[in-house]
Each structure stands twice: as structure tokens, then as C-alpha cells.
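This report concerns only the one structure given below.
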Amino acid sequence: MATIRTENERDLVVEADLSDLQAFIDEAERNLDDYKDEISVIYDKMPKFDYIYFCFYAYSTYRLLESTLNFDTSKVGHIRVSAPDAFFYAFYGMIATLHTQAKMQENKGS
């Protein structure tokens, strides 16, 4: 499981690896309606930052991280995800799949 640590009073560091991805998938699939807007933003913006430089906090796309890893961002000013490059690429693949699922759900409801 990922490690969450405070680097100073305003910065939170999430240390994750590929083994943490299943937890993200499980949380997102259980609550896809809650995360669909966040997933859409990540899907759109992450490639523009070469995937590994994406800032979850800048785009307010940290709720999935918070819920999955059980931490609270209300008292920090910045979140940094420290993970191998493969984590970010695999995470984006997961986000792309969830984005497609959310769009299909949305189209069925129309």
C-alpha cells in the first residue's frame, strides 16, 4: 500500500507503485458517478504534462487519491505523487478506461 507522509506543514507526499493501482480501480468503479468529472479532467490534462509531471492538486483532481488511500488534503497546500514512471502511465491507462466507461454510462442515461 502507498505511503503517505508530510514533507513539511504544507506538502503531502504520496509514495505509490504499480501494486496500488488495483485499489484506485476498485474505488473508481464503485463510485464512478462521483469521480467522472475528475476522471475527465485527468484524462484531458495528464498527457499535456507528459503523464509523470501532472499536478493532481492544481486541477483539484485528488479526491480519488484521497478516498483510495484514506488521507485528507484539507490541511495541506500541495500534494506530490512520488512513483515510478510506469505507475503514471498505467494510471493514465486506467483513467482512459474509466473515462470510456463513464461516457458509455452517460450515453445510456440520455
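- When the side chains of ILVMFWY residues are joined at heavy-atom separations under 4.5 Å, either directly or via intervening members, V41 and Y53 end up in a single hydrophobic cluster.
- Rounding to the nearest 0.5 Å gives a distance of 7.0 Å between CD1 of I25 and CG of L98.
- Two residues are said to be in side-chain contact when any heavy atoms from C-beta on lie closer than 4.5 Å; D44 and H99 fail this criterion.
- The environment of N70 atom CG is sparse: at most 12 non-hydrogen atoms of other residues, nucleotides or ligands sit within 6.0 angstrom.
- Without hydrogens or angle criteria, D50 side chain to I52 main chain gives no donor-acceptor distance under 3.5 Å.
- Side-chain atoms of L69 and I4, non-hydrogen and from C-beta on, do get closer than 4.5 Å to each other.
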With a cut-off of 3.5 Å and sequence neighbours excluded, list every side-chain donor-acceptor pair involving residues 77-95.
from, atom 1, to, atom 2, distance (Å)
R80, NH2, E7, OE1, 3.4
R80, NH2, E7, OE2, 2.5
Y92, OH, Y43, O, 3.0

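- T61 places no side-chain N or O within donor-acceptor distance of the main-chain N or O of E38, the cut-off being under 3.5 Å.
- Considering only heavy atoms from C-beta on, F49 stays 4.5 Å or farther from P47 through its side chain.
- Note that CG of L32 and CD1 of I39 are 5.0 Å apart. Values are rounded to the nearest 0.5 Å.
- Not counting sequence neighbours, D11 has no partner by the salt bridge (charged side-chain N to carboxylate O under 4.0 Å, His left out) test.
- Looking at N107, its side chain never comes within 3.5 Å of a backbone N or O of M104 through a donor-acceptor pair.
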Verify salt bridge (Lys or Arg N to Asp or Glu O under 4.0 Å) between R63 and E66, making sure each step is shown before the conclusion. CA-CA 5 Å; R63 289 184 11 211; E66 273 184 323; over 6 Å; no
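- With contacts defined as side-chain heavy-atom distances shorter than 4.5 Å, the pair F56/I42 qualifies.
- The two residues V14 and A2 make their nearest non-hydrogen contact at CG1-CB, 4.4 Å.
- To the nearest 0.5 Å, atoms OG (S67) and CG (D34) are separated by 8.5 Å.
- To the nearest 0.5 angstrom, D20 atom CG is 10.5 Å from E15 atom CD.
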